Amino acid sequence: MSIKIKINSQIFQDSNNVYYPKDEVEVSDLIRELYKQDSPTEIIGNNSKNFIGNKTQSANTTSLSKISGIIDYRPEELYIKVKACTPINEIEKVLSENSQELAFEPIDFGYIKDGKSNKGTIAGYLSCNYAGSRRFKVGSVRDHVLGFKGVNGKGDIIKSGGTVVKNVTGYDLSKLIAGSFGTLVALTEITLKVLPKKDSSKTVIIYPNNFEQIYDLFNKLSSSSSEISGAVFIPEQSNDKEFSAKRNNVFKFNDLKSKVSFVAFRVEGDKISIEEKINNLKKELELNNSDTSILDVYQSEPFWEKINNLEVFEMTEHNLIRMVIPPGNGSKLCKYLENNHNYFIDWCGSLFWIEVNSKKEEKIKDLKKMAKDFGGYLTVIKTSSEYDYGEPIFTVDKVRLMISEKVKQSFDPKRILNPGKMYRGV
């Protein structure tokens, strides 16, 4: 009996030959049958991040979109357990009703893909492990996962972790799954740590004179005891008129000079503590003689939403690069990027979002070399229609690639799950 006939008797399959298992048992049955037949499958959710990475080397597609819903939420215990393809918007809505939030601040990739919001599912975030502006203070997605359940490449149901950090067995397995892009496990259930939402926020804007001053500010902010929760640099762009117009429109706020370069940092808490922190930071950063402005909470919140939505790159047709490097090399990279590429910096100097014109695609090789030389890494998040897929999407050295191959072999010996999604042949 063929795979299609046998599986079709149990699991819904649409006209595009996409399987839709409705629960964990059906996922296990499906993958076990695919394992027996040596037939790989692409694992998808609602496709909000499916454009990231290589096209999978498989003839089948398995959608986990029907495995959705909140299983257990204990606000007093600061955790929520959900099915893997529960939409982030649904989770955030429930948390907000209890003045709680996902502290890792999910990035909305919908704007760069389609020009509209589409945060996708929690499984997508764990699979990619991409977090927003709070990352340098509170950690990434993996740091907020208490446990998960899923199905490996042999069809076995596996479980790791629990509902509290202190007694979690195999807690680090969640960190291994994070950022694996569905190549190790088809996730079915995720337990997340949640945190109280801050009462209010303000954003301080500084208009610097040079790159050295920018990184001097970043260094002081990162070591400050005043607990900032976001710090970005938005450069002035002069060569690309279209991008400059978009940038100025995105950051059009009453108390922000949007047409010049600026550093912005966020302070959160109650109103009294915010004022105390800002006063302390003005002294620490020696801002008395600097050109500054402040965005109140009604401007601050939408400002950081625009940052985390990557709205300056909305519907870009070019290559969009995500590069993470140690801040000590940040000013060197800024000088290279100046007037050559559109970009901005997040994570208090560590994360660069860089747009590389499709006509200058060979420059990606230069950026990959710089990432390696600077002790960092690079991912091509969105590719242009002309992108040469012979050029790797993810940077990786030989040692890490060898480790990735061994981990893949352990979880998925026949390469059933998303083969080639990250690295060809893995």
Side-chain angles (χ1 to χ4, degrees), residues 78 96 99-105 131-140 143-144 193-236 251 253-258 260-308 324-331 334 344-353:
L78 297 177
S96 181
S99 298
Q100 294 180 339
E101 65 184 356
L102 298 171
F104 59 82
E105 211 164 17
S133 297
R134 286 198 189 94
R135 165 68 175 82
F136 77 102
K137 279 297 181 182
V138 303
S140 193
D143 300 298
H144 297 267
K193 175 174 60 178
V194 300
L195 292 176
K197 185 181 291 186
K198 300 297 184 182
D199 293 338
S200 186
S201 73
K202 282 190 176 181
T203 297
V204 179
I205 308 295
I206 307 167
Y207 305 98
N209 298 316
N210 52 59
F211 293 133
E212 285 71 21
Q213 184 184 3
I214 294 164
Y215 272 87
D216 181 57
L217 289 169
F218 279 152
N219 290 336
K220 290 178 179 177
L221 287 168
S222 62
S223 60
S224 174
S225 60
S226 295
E227 298 180 356
I228 64 162
S229 62
V232 298
F233 169 62
I234 310 295
E236 178 186 5
F251 296 112
F253 293 91
N254 290 337
D255 297 309
L256 173 61
K257 301 176 184 177
S258 62
V260 297
S261 299
F262 62 87
V263 170
F265 66 86
R266 178 176 55 190
V267 180
E268 296 179 303
D270 59 67
K271 293 181 179 180
I272 295 176
S273 67
I274 286 176
E275 294 306 320
E276 290 178 351
K277 289 176 184 177
I278 289 177
N279 289 333
N280 290 335
L281 284 163
K282 284 183 176 180
K283 293 177 182 178
E284 290 178 29
L285 303 176
E286 301 175 346
L287 298 181
N288 289 335
N289 297 321
S290 299
D291 187 9
T292 64
S293 57
I294 295 180
L295 305 184
D296 61 22
V297 63
Y298 301 106
Q299 299 176 84
S300 179
E301 290 183 359
F303 174 86
W304 291 97
E305 286 179 5
K306 290 177 180 293
I307 293 292
N308 288 308
V324 179
I325 63 170
N329 290 311
S331 59
C334 283
F344 77 86
I345 310 173
D346 203 342
W347 293 4
C348 207
S350 292
L351 172 62
F352 284 73
W353 290 101

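The shown structure was predicted, so the numbers you read here are calculated from the model rather than taken from an experiment.
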query = Are E105 and R134 within salt-bridge range, i.e. N to O under 4.0 Å?
reply = yes
Give a yes or no on whether K282 atom NZ has more than 12 heavy-atom contacts from other residues, nucleotides or ligands under 6.0 Å away.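 Incorrect, the count does not exceed 12.
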D291 meets the side chain to side chain contact (heavy atoms under 4.5 Å, CB included) criterion, sequence neighbours left out, with Y207, K257
Would the F233 and F262 ring centres measure less than 6.0 Å apart? no
Under 3.5 Å, side-chain donor or acceptor atoms of residues 346-353 against the rest of the protein: list the pairs with distances, not counting sequence neighbours.
residue, atom, partner, partner atom, Å
D346, OD1, S133, OG, 3.3
D346, OD2, S133, OG, 2.8
W347, NE1, G132, O, 3.0

By side chain to side chain contact (heavy atoms under 4.5 Å, CB included), K271 pairs with (sequence neighbours left out) none
Those residues at least two apart in sequence (or on a different chain) that pass ring-ring contact (aromatic ring centres under 6.0 Å, His included) with F218 are Y215
- Message: Taking salt bridge (Lys or Arg N to Asp or Glu O under 4.0 Å) as the definition, give me every residue that meets it alongside K306, ordered by chain and number, with sequence neighbours left out.
- Response: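 So K306 forms a salt bridge (Lys or Arg N to Asp or Glu O under 4.0 Å) with E311.
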Practice task
Determine the sole option in K137, R266, K198 for which the side-chain hydrogen bond (donor to acceptor under 3.5 Å, both in side chains) test with S229 is passed.
Solution key: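 So the option named by the test is R266.
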*E275: salt bridge (Lys or Arg N to Asp or Glu O under 4.0 Å) partners, not counting sequence neighbours*: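 Scan of E275 (salt bridge (Lys or Arg N to Asp or Glu O under 4.0 Å), adjacent residues dropped) gives K202.
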Item to check | Working for side chain to side chain donor-acceptor pair (under 3.5 Å), residues E212 and S331 | outcome: CA-CA 6 Å; E212 285 71 21; S331 59; 4.9 Å; no
Look up atom CD in E284 and atom CG in L217, then write down how far apart they are to the nearest 0.5 Å.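 Spacing of CD (E284) from CG (L217) equals 12.0 Å.
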TODO: Assess whether side chain to side chain donor-acceptor pair (under 3.5 Å) is satisfied between Q299 and N254, documenting all intermediate values.
DONE: CA-CA 8 Å; Q299 299 176 84; N254 290 337; 4.9 Å; no
- Query: Quick one: does S290's side chain have a donor or acceptor within less than 3.5 Å of a partner on T292's backbone?
  - Reply: no
